[in-house]
Amino acid sequence: MNQMAIEVSNLRKNFGKQIVLNGINLSVPAGTVFALLGPNGAGKTTLIHILSTLITPDEGKVRVGGYDVLTQQDQVKQTISLTGQFAAVDEVLSAEENLIMIGRLSGLTTAESRQRTVELLKAFDLVDAAKKKVKTYSGGMRRRLDLAISLVVSRPVIFLDEPTTGLDTISRRALWEIIKQLAKNGMTVFLTTQYLEEADQLADRIGVINGGRIVAVGSSEELKSHVGGEVIELLNADDEVIHTIPTSGSIEDISRTLNELVRSVPVGTRVNIRRPSMDDVFVAFTSNAKETMHA
Amino acid sequence: MITTNKPVKPASLAVTNLVFIGRSIRHSLRNTEALLMAIMLPVMLMLLFTYVFGGAIDSSGDYVNYVVPGIILLCAGFGSSSTAVDVSNDMTNGIIDRFRTMPIASLSVVTGHVVASLIRNLFATGVVLGVALLVGFRPTGSLVDWILAIAVITLFILTFTWLFAAIGLVAGSPSAASGYGFALLFLPYLSSAFVPTDTMPTWLRGVANHQPITPVIETIRGLLTGTPLDNSPWWAVGWCLLILAVAFIWSISSFRKKAGRR
Ligand SMILES: Nc1ncnc2c1ncn2[C@@H]1O[C@H](COP(=O)(O)OP(=O)(O)OP(=O)(O)O)[C@@H](O)[C@H]1O
Ligand SMILES: [Mg+2]
């Protein structure tokens, strides 16, 4: 495999008249974790579907593992594994049967599939439910099975579309450990998420997608520093945040901002000054699509 | 233990098909209601036609010999119609995306349903024939006639299963697939399945004589009970092969088209 696991240049995709991806440029080095952030409907799933050969781009060059998604689909499919936004499991079969089926379809022998199934059921805490039909599973169990299925054979590049949506805190943290382990074993992980903390925790680099374009790329530190310095939060009597104001972080800027605020806010308003979070990054980049940055 | 280092080469087409056939058979066996319906409905129809309508249609008491081939086809048509729902379920559920991103021939997921339907329906046909013999069906065909009749029935089931698979592929949802499939199930009633076509009004007779079900029924009837065959076998096989080819090409093209949209 070459240096870049994923290379996208000038990618465009329309659905009818709606422009969903409007010139995406992106590269993800092999062996790193990349997180894609963006509001609902920004085109995250569409991008993952193009990268995993499910839909075809209208325009642009897209290479995964060095292979072109249009002309070398078979090679791309041997390079990737996809966990979609919605669980892709066979509801009529049990977890065990699902895993064995995918093992056989992936080219393992029946014995190898069985052995791998035992390992994965253990790793994803599904041993007790292994023989029950997936129809009877909770959302979180289904999600864990979906991920386990994606790991039956190890492909160099793994796509995870909102992998922790619907998981409780414990399962989410367990999954984070698994993703970290995948990265340690040299896999390239491309994930989308609604949880900014997740991107912060896991990703080497984070991309923000909005209005059909990647509006920012960088490490979480780079993105936070671009947003500015300390953030002033105004809290009402019930401790609810009623306003956030970004500042440059300098004492002059902060005191000037506070002086202006003191005249306009209700009496009793309290103030909190903190480091910018990923939430601020997200709001800064997605509320105003014109602002672009490439770190 | 999360990752494995085992290098794998993709599953062969034969293994892929076997795995999908096994999956569909499991699905069939677990959908006990559909399985029971596919067997019970034709049996009930047969009892209804022999004991309730039979006397009125043909008072000589020989009606059972006339109606069994029709019931067999009705049973096969009904049994294969669930393929539309099975295929549509797979196409609208996320699982098809998983199969499509694997280095396998993903159309095999449909082939799996087709083969399972064939097995299911041949079994149901056997049950229907058994019940028919119990209620007085007296076939006169030789062994060769029987083999030919079973071959024609198999071809008919295969044809209609692929047709229903195509319907499942184009339908937007499993319930739509079920609705379209239901419409097709009226065809046997507008054929020589239950009454000879010369008892129908002229305009209807024209339709009934020139639709694919009639020659298939006349062929099975001729082979099993010795009624005149004329050209029926040729028409039967011709119709089936034509519909099979159309359904197959339609399936492949709609499978590919869906690939670009989802
Ligand atoms: N098959 C399709 N046909 C028509 N429009 C589509 C199709 N798939 C997606 N879209 C549209 O494209 C846009 C992007 O959708 P996409 O699913 O990629 O968003 P997303 O970023 O994954 O959103 P979410 O965070 O809600 O999952 C949406 O406006 C959606 O309505
Ligand atoms: Mg999405």
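For the numbers below, each heavy atom of this structure counts, side chains included, while hydrogens, waters and symmetry mates do not.
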Exercise for the section: Answer with side chain, backbone, both or neither: which region of A:Lys122 has an atom nearer than 4.5 Å to a non-hydrogen atom of chain B? Expected result: neither
Problem - Minimum heavy-atom distance B:Val19-A:Met101, with the two atoms named - result: CG1-CG, 3.7 Å
Completion exercise
So, the part of A:Glu97 with a heavy atom under 4.5 Å from chain B: the answer is side chain
Exercise for the section: Answer yes or no: does atom CG of B:Leu134 have more than 12 heavy-atom neighbours from other residues, nucleotides or ligands under 6.0 Å? Expected result: yes
Problem - Flag, side chain of B:Lys9 to backbone of A:Ser106, donor-acceptor distance under 3.5 Å - result: no
Problem - B:Arg98 side chain to A:Ala88 backbone, donor-acceptor under 3.5 Å - result: yes
Handout entry: Worked check of side-chain contact (heavy atoms from CB on, under 4.5 Å) between B:Arg30 and A:Leu93
Key = CA-CA 9 Å; B:Arg30 286 179 194 178; A:Leu93 304 183; 3.9 Å; yes
Handout entry: Test item: A:Arg104 and B:Thr16 side chains (from C-beta on) under 4.5 Å apart, heavy atoms
Key = no
Fill in the blank from the handout: Hits for ring-ring contact (aromatic ring centres under 6.0 Å, His included) against B:Phe160, two or more places apart or cross-chain, chain-then-number order -> B:Phe156
Exercise for the section: Residue by residue, scan residues 101-118 of chain B and write down, ordered by number, those that have a heavy-atom distance under 4.5 Å to chain A; if none do, write 'none'. Expected result: B:Thr101, B:Met102, B:Pro103, B:Ile104
Practice task
Flag the one option from A:Asp90, A:Thr83, A:Leu82 with the top tally of heavy-atom pairs under 4.5 Å to chain B.
Solution key: A:Asp90
Handout entry: Side chain, backbone, both or neither of A:Ile100 within contact of chain B (heavy atoms, under 4.5 Å)
Key = neither
Problem - Toward chain B, the part of A:Ser150 with a non-hydrogen atom under 4.5 Å - result: both
Exercise for the section: Decide side-chain contact (heavy atoms from CB on, under 4.5 Å) for B:Asn93 and A:Glu91; before the verdict, give the C-alpha distance in whole Å, the side-chain angles of both, and the deciding distance to 0.1 Å. Expected result: CA-CA 10 Å; B:Asn93 180 304; A:Glu91 307 247 313; 4.3 Å; yes
Practice task
Please lay out, stage by stage, how B:Phe99 and A:Ile102 fare under the test side-chain contact (heavy atoms from CB on, under 4.5 Å).
Solution key: CA-CA 9 Å; B:Phe99 295 144; A:Ile102 297 295; 4.0 Å; yes
Handout entry: A:Tyr67 atom OH, neighbour heavy-atom count above 12 within 6.0 Å
Key = no
Practice task
Tell me, for A:Val89 versus chain B, whether the close heavy atoms (under 4.5 Å) come from the side chain, the backbone, both or neither.
Solution key: backbone
Practice task
For atom OH of B:Tyr180, decide whether the heavy atoms of other residues, nucleotides or ligands shown that lie under 6.0 angstrom number more than 12.
Solution key: no
